[in-house]
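Heads up: the structure comes next, in structure tokens.
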Amino acid sequence: MAESATVHVPPRFLRTPEAARFLGLSGRTLEKHRTYGTGPAFKKLGGRVVYAIADLQAWANRGTKNSTADTDTILPAKRHEPAGAARSHAPQR
């Protein structure tokens with residue numbers, strides 16, 4: 001009699017709701033990060049967005065601080081102008 005061939009393989013990719021829970025964020029916040037390019041790396045497999053657990057952990061680790069003076073930070077989930085473009089809206093004379 002053949003033994004059951006079921007092997008438990010831990011999930012390597014999480015969909016947006018599971019990835020958001022992993023990070024302690026709302027799904028909407030993670031979607032905004034994806035839209036503005038401020039969030040963790042993601043993959044599109046067909047029409048599905050998935051996150052590798054290693055990418056989520058690496059992104060979360062970017063927010064690790066030893067002091068409030070540490071400058072490398074995770075940007076909020078909102079639109080950010082590229083560096084140097086902040087003053088480009090000034091009227092030209």
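FYI, the numbering just counts along the sequence from 1. Both backbone and side-chain heavy atoms feed into the values below; hydrogens, waters and symmetry mates do not. Keep in mind the model is a prediction, meaning the values are calculated, not measured.
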Side-chain donor/acceptor pairs under 3.5 Å, residues 38-51, sequence neighbours excluded:
from  : atom 1 : to    : atom 2 : distance (Å)
Thr38 : OG1    : His33 : ND1    : 2.6
Tyr51 : OH     : Arg34 : NH1    : 2.9

task: Go through the structure and list residues passing salt bridge (Lys or Arg N to Asp or Glu O under 4.0 Å) with Arg15, not counting sequence neighbours.
output: none
Going by side-chain contact (heavy atoms from CB on, under 4.5 Å), name the residues that satisfy it together with [X], two or more places apart in sequence or in a different chain.
X: Ala60; value: Leu23
X: Thr35; value: none
X: Asn61; value: Gln57, Thr64

- request: Looking only at non-hydrogen atoms, find the nearest pair between Ala19 and Leu56 and report the distance.
  value: CB-CD1, 3.8 Å
- prompt: Once you round to the nearest 0.5 Å, how far does OG1 of Thr16 lie from CZ of Arg21?
  reply: 11.0 Å
message: Starting from Tyr36 and following side-chain heavy-atom contacts under 4.5 Å between hydrophobic residues (I, L, V, M, F, W, Y), which residues can be reached?
response: none
query: For the hydrophobic clusters of this structure (ILVMFWY residues joined by side-chain heavy atoms under 4.5 Å, transitively), does one cluster hold both Leu25 and Phe22?
result: yes
